[in-house]
Amino acid sequence: MESGPAIFAGVAFALFGGALLVWTGTRLRRGEPVAQGVSQIASATLASLAAVISLGLGAYCLTRL
C-alpha cells in the first residue's frame with residue numbers, strides 16, 4: 001500500500017529530470033539562453049545540476065519499493 005506514493009514520486013522526479021535535461025541540452029545546442037538575464041554557463045550548470053539531482057531522487061524513490 002505504501003509503494004503507490006513512492007512509484008508516483010519516483011516517476012514524477014524522473015520525468016521532470018529527464019525533460020529538464022533534454023530542454024537544457026536543446027537550448028544549448030541552438031545557442032539560445034537557458035534563462036533570461038543570466039550567464040549562459042551559470043544557468044546551464046544550475047539547470048543540469050537540478051536535472052541530475054531530480055533523476056537521482058527518482059531513482060532513489062523507485063529503488064526503495
Side-chain angles (χ1 to χ4, degrees):
M1 206 61 179
E2 295 176 2
S3 64
I7 292 171
F8 177 77
V11 170
F13 276 125
L15 284 175
F16 175 75
L20 183 60
L21 200 58
V22 167
W23 180 80
T24 303
T26 303
R27 299 290 287 188
L28 288 174
R29 190 174 320 129
R30 291 182 179 178
E32 298 173 350
V34 177
Q36 292 287 340
V38 182
S39 165
Q40 187 172 7
I41 294 171
S43 61
T45 302
L46 186 61
S48 298
L49 182 65
V52 168
I53 289 172
S54 182
L55 284 171
L57 285 172
Y60 174 77
C61 288
L62 291 174
T63 58
R64 295 293 169 185
L65 296 176

Solution key, residues 58-65 side-chain donor-acceptor pairs under 3.5 Å, sequence neighbours excluded:
| residue | atom | partner | partner atom | Å |
| --- | --- | --- | --- | --- |
| Thr63 | OG1 | Ala59 | O | 3.1 |
| Thr63 | OG1 | Tyr60 | O | 3.0 |

For Thr45, the side-chain contact (heavy atoms from CB on, under 4.5 Å) test, sequence neighbours excluded, returns Ile41
Contacts of Glu32 that satisfy side chain to side chain donor-acceptor pair (under 3.5 Å) - sequence neighbours left out: Arg27
Could you list who else is in Leu21's hydrophobic cluster, with ILVMFWY side chains joined at under 4.5 Å, directly or through other members? Leu55
Listed by chain and number, what are the side-chain contact (heavy atoms from CB on, under 4.5 Å) partners of Ile53, not counting sequence neighbours? Leu49, Leu57
Distance-only criterion, 3.5 Å: show the donor-acceptor pairs between side-chain atoms of residues 12-20 and protein atoms not counting sequence neighbours.
none

